[in-house]
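Note: hydrogens, waters and symmetry copies are ignored here, and every other heavy atom, side chains too, is used.
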Amino acid sequence: MLTKPAATDLSRRERQIMDVVYRLGKAAVSDVLERIPDPPSYSAVRALMRILEEKGHLRHEQDGPRYLYLPMVPRESARTNALTHMVRTFFGGSTEAAVAALLDPDNHKLSDAELDRISDLIEQARVQGR
């Protein structure tokens, strides 16, 4: 039985690699090396990407002499899973506490347009009975 890979089973380096792959849509080892902080050797990144493939996070396709790696989990699903994990871990499962932290004016100021969109999303959730 196949299970979805969990983002929580990733090391810091593996998360950095996945961030690059999600940003680019597909990435070669050289693409990752250019975009992660304090990168290790080419062979270390290649090995980590192979491990991510074995864990079910990436797949590869041949592009001439190189491999291009693509995420196995769609970006939207990965985002939802990561956000759910963060809310559970840092806010005790409370969506209200997470939203309150995001709305804290000391962290950053939201524009009127952003606040209007958030208000519309809240109204949609109310109507849908969430």
Inset, instruction - Any chance you could measure Met49, atom CE, to His57, atom NE2, to the nearest 0.5 Å? - result: 13.0 Å

Legend entry - Pairwise distance CZ(Arg75) to OG1(Thr80) - rounded to 0.5 angstrom: 12.0 Å

Inset, instruction - Report the distance from atom CZ of Arg35 to atom CZ of Arg23, rounding to the nearest 0.5 Å. - result: 7.5 Å

Inset, instruction - Check whether Ile118 and Met86 end up in the same hydrophobic cluster, where Ile, Leu, Val, Met, Phe, Trp and Tyr are linked by side-chain heavy atoms less than 4.5 Å apart. - result: no

Inset, instruction - Can you measure from NZ (Lys26) to CG (Leu68) and round to the nearest 0.5 angstrom? - result: 6.0 Å

Inset, instruction - Decide, yes or no, whether a salt bridge links Glu76 with Arg79 under the criterion of side-chain N to carboxylate O below 4.0 Å. - result: yes

Legend entry - Over 12 foreign heavy atoms within 6.0 Å of CG, Asp63: yes

Inset, instruction - Say whether Tyr22 and Leu48 are linked into one hydrophobic cluster, either directly or through other cluster members, by side-chain heavy-atom distances under 4.5 angstrom. - result: yes

Inset, instruction - Step through the shown structure and confirm whether more than 12 heavy atoms of other residues, nucleotides or ligands are within 6.0 Å of CD on Glu96. - result: no

Inset, instruction - Hey, could you give me the CZ/CG distance between Arg15 and Leu52, rounded to the nearest 0.5 Å? - result: 11.5 Å

Inset, instruction - Check the hydrophobic clustering (I, L, V, M, F, W, Y; side-chain heavy atoms under 4.5 Å; chains of links allowed) and say if Tyr69 and Leu24 are grouped together. - result: yes

Legend entry - Connected via hydrophobic side-chain network under 4.5 Å: Leu102 and Val87: no

Legend entry - Separation between CG of Leu10 and CD1 of Ile17, rounded to the nearest 0.5 Å: 9.5 Å

Legend entry - Side-chain donor/acceptor of Asp104 to backbone N/O of Ala101, under 3.5 Å: no

Inset, instruction - Treat each ILVMFWY residue as a node, draw an edge where side-chain heavy atoms are under 4.5 Å apart, and state whether Leu115 and Val99 are in one component. - result: yes

Inset, instruction - Describe, in one word, how the ring planes of Tyr67 and His60 are oriented to each other, choosing from parallel (under 30°), tilted (30 to 60°) and perpendicular (over 60°). - result: parallel

